[in-house]
Number of protein chains: 2
Amino acid sequence: MAKHFDTQALDRYFAAMADPTRRAVLERLTQGPASVSELHAPHAMALPSFLRHLRVLEEGGLIATEKQGRVRMARIEARPVRAAEDWLAQLRRQWETRLDRLDALSEALEQTAKGDAP
Amino acid sequence: MAKHFDTQALDRYFAAMADPTRRAVLERLTQGPASVSELHAPHAMALPSFLRHLRVLEEGGLIATEKQGRVRMARIEARPVRAAEDWLAQLRRQWETRLDRLDALSEALEQTAKGDAP
DNA sequence: GAAATGCTTAGCCATGTCGCTAACTATTTG
DNA sequence: CAAATAGTTAGCGACATGGCTAAGCATTTC
């Protein structure tokens, strides 16, 4: 039942998400592709510093970029976001399944108690 | 529509997830509470190093621990996992919404093209 | 073709992360 | 109470991360 996840990929995905600048870039990119300058504009940070964030996102496969003339355009990539979401969902489901079993168990015990009562 | 997320909390959640040892601990804890030693056993790592991971998880609010005698028991916490999952889901939804609008737009353009044809 | 634009590289610094060992404290247990 | 058990604290070293400035390299644009 449990899906296999690429551990190193998850490392990179989650690490990429663990920064507000990078999350903001992803949110911006949900509205469509943008150039490096456009993405950089809202962030009070030197361009080289910002570019580093973009590279982290790209190396993590969260975005793809392509150079057109002197402009580099970036767009969001679907799969990694889904992979991270799936991992969390699976974690939650495992946990909920266990809680359900505990519920079932305590109900069963209750029944048994009634049956066994003197 | 967009929920507000606590940025620093998301930083800690995602950072905590960005490590295989910590993800393994979370997976183990979906099956029920465990002591520090039990959690440590499968990991080829000195105990102090492992304890650091547990502290990261606890400071991020992903787990809660309690000392009982000389044993410290740990259990998973629901909310942060949900928060991270929700953030990713929101991101995906925004993005899908945009793709849907693009689909709608291209359909509309197609219709217009037919109507406008000579 | 000179100048502006848009990105890129190189290199520095401060801080954070992840592993380790050694030594210590607190609680059972024999 | 002595010894084993279960964590804990302190401190070290290697490397990663996130910011900066300065300088360089293509590609428009005038």
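Quick note: numbers below take in every heavy atom, side chains included, and nothing from hydrogens, waters or symmetry partners.
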Problem - Distance below 4.0 Å between A:His53 side-chain N/O and D:dT17 OP1 or OP2 - result: no
Exercise for the section: Can you tell me the distance, in whole Å, between the CE atom of A:Met73 and the P atom of C:dG6? Expected result: 13 Å
Problem - Parallel, tilted or perpendicular: ring planes of B:Phe5 versus B:Trp87, cut at 30 and 60 degrees - result: perpendicular
Could you go over nucleotides 22-29 of chain C and give all protein N or O partners under 3.5 Å, atom names and distances?
residue : atom : partner : partner atom : Å
C:dT27  : O2   : B:Arg70 : NH1          : 3.1

Problem - Interatomic distance where CG belongs to A:Leu47 and C1' belongs to D:dG18 [whole Å] - result: 15 Å
Handout entry: Protein-nucleotide distance (A:Leu54, atom CG; C:dT8, atom C1'), rounded to Å
Key = 12 Å
Fill in the blank from the handout: Atom CD of B:Glu59 and atom C1' of C:dG16 are separated, to the nearest Å, by 13 Å
Handout entry: B:Arg72/B:Glu66 ion pair, N-O < 4.0 Å
Key = no
Exercise for the section: State whether B:Arg12 and B:Glu59 are salt-bridged, where the test is any N-O pair (Lys NZ or Arg NE/NH1/NH2 against Asp/Glu carboxylate O) under 4.0 Å. Expected result: no
Exercise for the section: Please determine if a side-chain N or O atom of A:Ser49 lies less than 4.0 Å away from the OP1 or OP2 oxygen of D:dG18. Expected result: no
Problem - Heavy-atom check, side chain of B:Ile76 versus side chain of B:Leu62, under 4.5 Å - result: no
Handout entry: Set of residues satisfying salt bridge (charged side-chain N to carboxylate O under 4.0 Å, His left out) with respect to B:Asp6, sequence neighbours excluded
Key = none
Exercise for the section: Specify the separation, in whole Å, of atom CG of B:Leu39 and atom P of D:dA6. Expected result: 13 Å
Problem - Sorted by number, the residues of residues 8-30 of chain A with heavy-atom contact under 4.0 Å to DNA chain D - result: A:Asp19, A:Arg22
Problem - pair A:Phe14-B:Arg23: side-chain heavy atoms closer than 4.5 Å - result: yes
Handout entry: Between C:dT8 (P) and A:Arg55 (CZ): distance, integer Å
Key = 9 Å
Handout entry: Pair B:Arg82 + A:Glu85: basic N to acidic O under 4.0 Å
Key = no
Exercise for the section: Mind calculating the distance between CG (A:Leu51) and C1' (D:dC20) to the nearest angstrom? Expected result: 14 Å
Exercise for the section: Indicate yes or no: does A:Arg92 engage A:Glu96 in a salt bridge with an N to O separation below 4.0 Å. Expected result: yes
Completion exercise
Which of B:Met45, B:Arg52, B:His40 passes side-chain contact (heavy atoms from CB on, under 4.5 Å) with B:Thr21? It is B:Met45
Practice task
Return the value, rounded to whole Å, for the distance between atom CZ of A:Arg52 and atom C1' of C:dT9.
Solution key: 11 Å
